[in-house]
Student: 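Please read through the structure below; I'll follow up with questions.
Protein chains get the first letters and strands the later ones, always in sequence-line order, with residue 1 at the start of each. Keep in mind that this is a model prediction, so the values were computed, not measured.
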Amino acid sequence: MDWSVEQDAALKAVKDWLKGRHPQVFRLFGFAGTGKTTLARHVAEGIDGDVCFGAFTGKAAMVMRQKGCEGATTIHSMIYRPRRKSAEDEEEETFSFAINHQSDVSKAKLIVIDECSMVDEELGRDLLSFGKPTLVLGDPAQLPPIKGGGFFTEAEPDVMLTEVHRQAADNPIVRMSMDIREGRPLEIGHYGQSSVIRRRDIDAERILAADQVLVGLNRTRHGYNKRIRELRGYTSPHPEVGEKLVCLRNDKSKGLQNGGIFRVNRRKEPKGGYLKYDVAPDEAGTRARIHVSVLPDFFEGKEGDLSWQMRRSSDEFDYGYALTVHKAQGSQWDDVVLFDEAFAFREHRDRWLYTGVTRAAETLTVVV
DNA sequence: GCTCACCA
């Protein structure tokens with residue numbers, strides 16, 4: 001591996017920290033596409049002993065595994081175990097979890113956490129209670145957790161990577177992301193394959209051609225999902241063969257990640273009030289066929305009325321044509337249409353827009 | 001114009 005000057009200096013700083021074993025946390029921050037995960041994997045390969053890889057969301061953990069971080073899991077499954085509640089509590093929602101002191105973390109030489117801007121204070125503290133050296137990777141310009149603030153990203157980085165390798169340095173998407181970070185507004189115009197256009201200038205063709213449509217508000221998401229389904233000629237209120245779904249809850253045993261995008265391969269006979277489908281991850285080269293049972297309420301916007309017992313009995317999916325930027329955090333697509341709803345996120349508006357823009361790898365259309 | 005959401 002050929003490292004850049006910046007990456008080489010980062011590696012050296014991390015290795016010095018590992019030798020000294022102090023302080024407990026090393027913050028290796030960097031903008032999207034600067035090679036943080038690749039560096040961390042390299043560091044891990046040089047460790048004599050076990051390394052635990054983790055991320056806040058199931059989706060981010062899966063991306064980590066795809067990048068070669070073996071056995072990456074959610075931080076939750078890494079450090080917690082279920083705690084049994086007494087029988088008289090059973091009427092209540094009594095899911096409770098305790099720190100698992102037998103966790104692999106307790107034997108590890110190093111913990112590596114990716115997308116650490118999503119980790120809130122409670123989870124961060126519990127993770128550090130194991131006392132292990134913890135290398136946290138993240139982008140401080142991305143969205144913080146909704147509650148508790150960014151536990152790791154509130155402090156200054158030990159190393160900040162700024163050279164983007166994912167795209168060419170003159171890529172307009174990189175330029176736009178820098179503009180937002182530095183407080184400059186996006187100007188209407190065409191920039192290579194990408195563009196910033198007004199709402200009245202977006203056409204159905206552009207939206208249907210995109211790999212992913214991103215919005216800010218759930219209300220908008222529902223509206224666009226409905227509209228895109230109509231444009232694609234789907235008429236059933238429930239998913240048909242070929243439709244794009246987003247998974248809304250992890251199920252490790254089935255290979256389902258919250259935030260993962262799936263396609264309906266087969267629609268089966270509904271049973272006991274559940275819709276039955278075979279779905280597959282929406283990626284090239286995957287043969288996986290996953291059987292799912294979903295309550296129709298999820299596609300009718302009525303899932304909020306379900307009891308938690310009913311909800312737990314169902315796999316959770318919704319239409320995946322449009323996603324919120326919050327849900328898309330940690331994912332990436334070649335061609336993205338982003339509807340700018342930054343106004344709704346007040347003091348985080350720049351972070352919202354930056355996170356949305358950096359979800360695109362090749363082509364981005366921002367609709368303002 | 002005026003909110004997003006995670007895990008066991």
Student: Is A:Ser77 close enough to B:dC7 that one of its side-chain N or O atoms is under 4.0 Å from OP1 or OP2 there?
Tutor: no

Student: In sequence, state the C-alpha distance, the side-chain angles, and the governing distance for A:Val292 and A:Phe317, and then conclude on side chain to side chain contact (heavy atoms under 4.5 Å, CB included).
Tutor: CA-CA 9 Å; A:Val292 299; A:Phe317 284 88; 3.7 Å; yes

Student: Measure centre to centre between the rings of A:Trp3 and A:His42, then say whether the value is under 6.0 Å.
Tutor: yes

Student: Within this structure, what is the NE2-to-C1' distance between A:His326 and B:dC2, rounded to whole angstrom?
Tutor: 13 Å

Student: Tell me if the centroids of the rings in A:Phe262 and A:Tyr277 come within less than 6.0 Å of each other.
Tutor: no

Student: Measure the distance from CG on A:Asp340 to P on B:dT3 and round it to the nearest whole Å.
Tutor: 16 Å

Student: Please determine whether a side-chain nitrogen or oxygen atom of A:Lys327 lies at a distance below 4.0 Å from atom OP1 or OP2 of B:dC6.
Tutor: yes

Student: Has A:Arg229 got its NZ or CZ under 6.0 Å from the middle of the six-membered ring of A:Tyr321, at an angle within 45 degrees of the ring axis?
Tutor: no

Student: Just checking A:Phe298 against A:His238, ring centres under 6.0 Å apart?
Tutor: no

Student: Find which nucleotide of DNA chain B each of A:His76 and A:Phe345 is nearest to by heavy atoms, and output the residue with the more 5' nucleotide.
Tutor: A:Phe345

Student: Give A:Arg346 one of three labels, base, sugar-phosphate or nothing, depending on what nucleic acid heavy atoms sit under 4.0 Å from its own.
Tutor: base

Student: What is the distance from CG of A:Leu323 to P of B:dC4, rounded to the nearest Å?
Tutor: 14 Å

Student: Quick one: do the A:Glu6 and A:Thr162 side chains pair a donor with an acceptor below 3.5 Å?
Tutor: yes

Student: How many Å lie between CD on A:Gln329 and C1' on B:dC7, as a whole number?
Tutor: 16 Å

Student: Can A:Phe343 be called stacked on B:dG1 when the rule is centres closer than 5.5 Å and an angle between planes below 30°?
Tutor: yes

Student: Tell me which residues in residues 210-225 of chain A put a heavy atom below 4.0 Å from DNA chain B, sorted by number, or none.
Tutor: A:Gly216, A:Leu217, A:Asn218, A:Arg219

Student: side-chain contact (heavy atoms from CB on, under 4.5 Å) with A:Gln329: which residues, sequence neighbours excluded?
Tutor: A:Ser117, A:Met118, A:Gln142, A:Leu143, A:Thr355

Student: Would you say a side-chain N or O of A:Asn250 is under 4.0 Å from OP1 or OP2 of B:dC6?
Tutor: no

Student: State whether A:Thr324 places a side-chain N or O below 4.0 Å from either non-bridging phosphate oxygen (OP1 or OP2) of B:dA5.
Tutor: yes

Student: Please tell me which of the listed nucleotides, B:dC4, B:dC2, B:dA8, lies nearest to the side chain of A:Ile146?
Tutor: B:dC4

Student: Could you tell me how far apart A:Glu122 (CD) and B:dC6 (C1') are, to the nearest whole angstrom?
Tutor: 11 Å

Student: Classify the nucleic acid contact of A:Phe56 as base, sugar-phosphate or nothing, counting any heavy atom under 4.0 Å across all strands shown.
Tutor: base

Student: Can you tell me the distance, in whole Å, between the CZ atom of A:Arg349 and the C1' atom of B:dC4?
Tutor: 15 Å

Student: In whole angstroms, how far is the P atom of B:dC7 from the CG atom of A:Leu127?
Tutor: 16 Å

Student: How many Å lie between CD on A:Glu115 and P on B:dC7, as a whole number?
Tutor: 13 Å

